[in-house]
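All remarks here apply to the structure that follows.
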Protein chains: 2
Amino acid sequence: MRRNMDYNKKTKIILVDDNFDHLLGIRELLNLETNFEVIATATNANIAINLVKKYQPDIVLMDINMPEKDGLSAITEIEHLNLGVKIISLTGYDDPDLIFRAMKIGAKGYILKTMASAQLIYAIEEVMQGKIYLPAGLSSRFFEYFQKSFKDESVSNQNQENLLQYLTQREDEVLELLTQGVTYKGVARQLFISETTVKTHVNNIFQKLQVNDRTQAVLYALNNGFKNRKKLKMAI
Amino acid sequence: MRRNMDYNKKTKIILVDDNFDHLLGIRELLNLETNFEVIATATNANIAINLVKKYQPDIVLMDINMPEKDGLSAITEIEHLNLGVKIISLTGYDDPDLIFRAMKIGAKGYILKTMASAQLIYAIEEVMQGKIYLPAGLSSRFFEYFQKSFKDESVSNQNQENLLQYLTQREDEVLELLTQGVTYKGVARQLFISETTVKTHVNNIFQKLQVNDRTQAVLYALNNGFKNRKKLKMAI
DNA sequence: TTTTATCTAGATCTAAAGATTGATAACAAA
DNA sequence: TTTGTTATCAATCTTTAGATCTAGATAAAA
């Protein structure tokens, strides 16, 4: 830990950018810093992944806009290696969706190519200290996008009331099992009641949720905050 | 817009904090600023909501740790009023879960009571300009929490491969309809094929996903990144 | 050209799901 | 006490769902 405090060990950096000139520019810039060392460069994501496996750098500066394999999936692959390599994303645009996805899959920082070199150096230092670095402007971008995601959801759910509230405790338990793909027989076994009783409950659930079959009931439950899913979910 | 550029109009602020002394302290501090005006204070969330309705301030400084109705649900209620009121959260702790939830429900900023008064003033100015303000430390906290949420998920899914990849295009379309709760007959109608063909596809889907019925297939699809859900989802 | 994958579809069958009606018991609220 | 809610169960019936086997058409790959 605190490797950057160790005067004998420089921060090992790998650069990934499909633009070779840009690659050289950043390398020169970073090598001016006495405690940084660019140990390898790549113009292609697949090569980059192999270099990371081989050299296990401290930091990877990853351009996200690349042909063939894109930077985002490269980040995902590197993250799955679990080498503790810290990845900082680099792009030309401040597209909030890109920022969001990069941060989601584990990038420790995100900076624009247009930003001052001092900011790049600062970002690397911060990330090396275990922090996550987003410049104020990008951070603002990120949060707007983040909040919008949730707002859309709450707006669409706020119009019609949540019908789940009308379920009785027993109906709740039955629905819980339905959301696990259990059959009538299975529900009966697990709740120690007869199958016909289960059918009665299920029919009542259908009426209360205004649906016609178990699949729709399960979908309603999942889309309206039924227990079950405890983690963040996001489409690709 | 750009109200803070208008020299005739001060930024109207409402303070909410159950600690009366603290309330007075902040009010004095903010009133020293010539372009700020604390138009009301409240020691209770319900009163605060009524004050917001009545005076429609630019900014609400909301303490989150309050008895009775807590600050988070107060924020939610104010957001649902859709008055464009900008809310900045205020607490004693940098609990990442609290920060995450506050930002999720629409807080435009988050600062600690222990932070310097200059930072509070800066936060208000930034938020008044339409930005979202999180001090670097809290921002880092937020992102760690944010990334952890996604990491837990990807780790649990990474063990077994995603079986959805083996579905053919047609099977994909059928499953898509299943995840909307459509019956065999309905799928047949929508895809202009016979019901028996649908059954054939569905059986193939079951085998590929290693499930026994449509409910389980739908659950598998939703839990493994199938299209459909386009928004963030989070448990309560 | 043969093989393979995909989409299509029919026939047949069993099992499960779902609708409906009616009934008993417990319990709490009015 | 009556009324309402909830949970339980039976009987009956219709409709889907699902399994299995077979098979033709097409297009791409080997």
Side-chain angles (χ1 to χ4, degrees), chain A residues 68 160-228 236, chain B residues 160-228:
Chain A
E68 301 177 46
Q160 84 263 352
E161 56 180 339
N162 192 341
L163 298 175
L164 291 174
Q165 65 182 310
Y166 299 121
L167 298 185
T168 68
Q169 193 183 332
R170 201 54 160 172
E171 287 162 356
D172 238 45
E173 297 176 53
V174 173
L175 181 55
E176 166 82 36
L177 291 173
L178 290 191
T179 62
Q180 292 168 22
V182 183
T183 64
Y184 284 151
K185 211 167 285 184
V187 175
R189 260 197 302 272
Q190 292 197 43
L191 297 184
F192 303 106
I193 54 181
S194 85
E195 196 177 333
T196 53
T197 304
V198 177
K199 290 190 179 185
T200 307
H201 286 312
V202 171
N203 267 291
N204 292 332
I205 292 172
F206 289 168
Q207 285 183 19
K208 289 186 180 178
L209 301 187
Q210 298 166 21
V211 298
N212 302 310
D213 55 55
R214 57 203 297 117
T215 309
Q216 290 174 6
V218 167
L219 289 172
Y220 186 93
L222 296 184
N223 284 324
N224 290 83
F226 201 66
K227 337 175 185 193
N228 192 24
I236 317 143
Chain B
Q160 82 265 352
E161 56 179 339
N162 191 342
L163 299 175
L164 290 174
Q165 66 182 308
Y166 299 120
L167 298 186
T168 68
Q169 192 181 333
R170 201 53 161 173
E171 287 162 354
D172 239 45
E173 298 176 53
V174 173
L175 182 54
E176 167 82 35
L177 291 173
L178 290 191
T179 62
Q180 291 167 24
V182 183
T183 63
Y184 284 153
K185 211 168 284 183
V187 175
R189 259 197 303 271
Q190 293 196 44
L191 296 184
F192 303 107
I193 54 181
S194 85
E195 196 177 333
T196 53
T197 304
V198 177
K199 291 189 179 188
T200 307
H201 286 312
V202 171
N203 267 292
N204 291 333
I205 292 173
F206 289 168
Q207 285 183 19
K208 290 187 179 179
L209 300 187
Q210 298 166 19
V211 298
N212 302 310
D213 55 54
R214 59 204 295 118
T215 308
Q216 290 174 5
V218 168
L219 290 172
Y220 186 93
L222 296 184
N223 285 323
N224 290 84
F226 201 67
K227 342 178 182 190
N228 190 25

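Naming convention: chains lettered A, B, ... in sequence-line order (proteins, then strands); numbering from 1 in each chain. Below, each value reflects all heavy atoms present in this structure, side chains not excepted, and no hydrogens, waters or symmetry copies.
Using a 4.5 Å cut-off on side-chain heavy atoms (C-beta onward), A:Leu209 and A:Leu175 make contact.
Nearest to the side-chain atoms of B:Thr200 among the listed nucleotides C:dT8, C:dG18, D:dG18 stands C:dT8. Side chain of A:Ile193, nearest nucleotide from D:dC9, C:dA16, C:dT8: D:dC9. For A:Phe206, the listed nucleotide lying nearest its side chain is C:dA19; candidates were C:dA19, C:dA9, C:dA17. Of the candidates D:dA17, C:dT8, D:dT6, the closest approach to any side-chain atom of A:Thr168 belongs to D:dT6. With C:dC7, C:dG10, C:dT20 as the choices, the nucleotide that has an atom nearest any side-chain atom of B:Ser194 turns out to be C:dG10.
Between C:dA9 and B:Thr197, a contact under 4.0 Å exists linking OP1 or OP2 to a side-chain N or O. Contact between the side-chain N/O atoms of B:Lys199 and the OP1/OP2 oxygens of D:dA19 is not found at any separation under 4.0 Å. Look at A:Arg214 and you'll find a side-chain N or O under 4.0 angstrom from OP1 or OP2 of C:dA17. OP1 and OP2 of D:dG18 both lie 4.0 Å or more from every side-chain N or O belonging to B:Asn203.
A distance-only check finds a donor-acceptor pair linking the side chain of A:Arg214 to the backbone of A:Val182 [under 3.5 Å]. Here the side chain of B:Gln216 pairs a donor or acceptor atom with the backbone of B:Asn212 at under 3.5 angstrom. Of the possible donor and acceptor atoms, none in the side chain of A:Glu195 sits under 3.5 Å from a partner among the backbone N and O of A:Tyr184.
Within 4.0 Å of A:Thr196, counting heavy atoms only, lies at least one base atom of the nucleic acid. The residue B:Gln169 sits close only to the backbone: its heavy atoms come under 4.0 Å of sugar-phosphate atoms, none of a base.
B:Asp213 places its CG atom 7 Å from the P atom of C:dA17, with the value rounded to the nearest Å. A straight line from CG of B:Asn212 to P of D:dA19 spans 7 Å, rounded to a whole angstrom.
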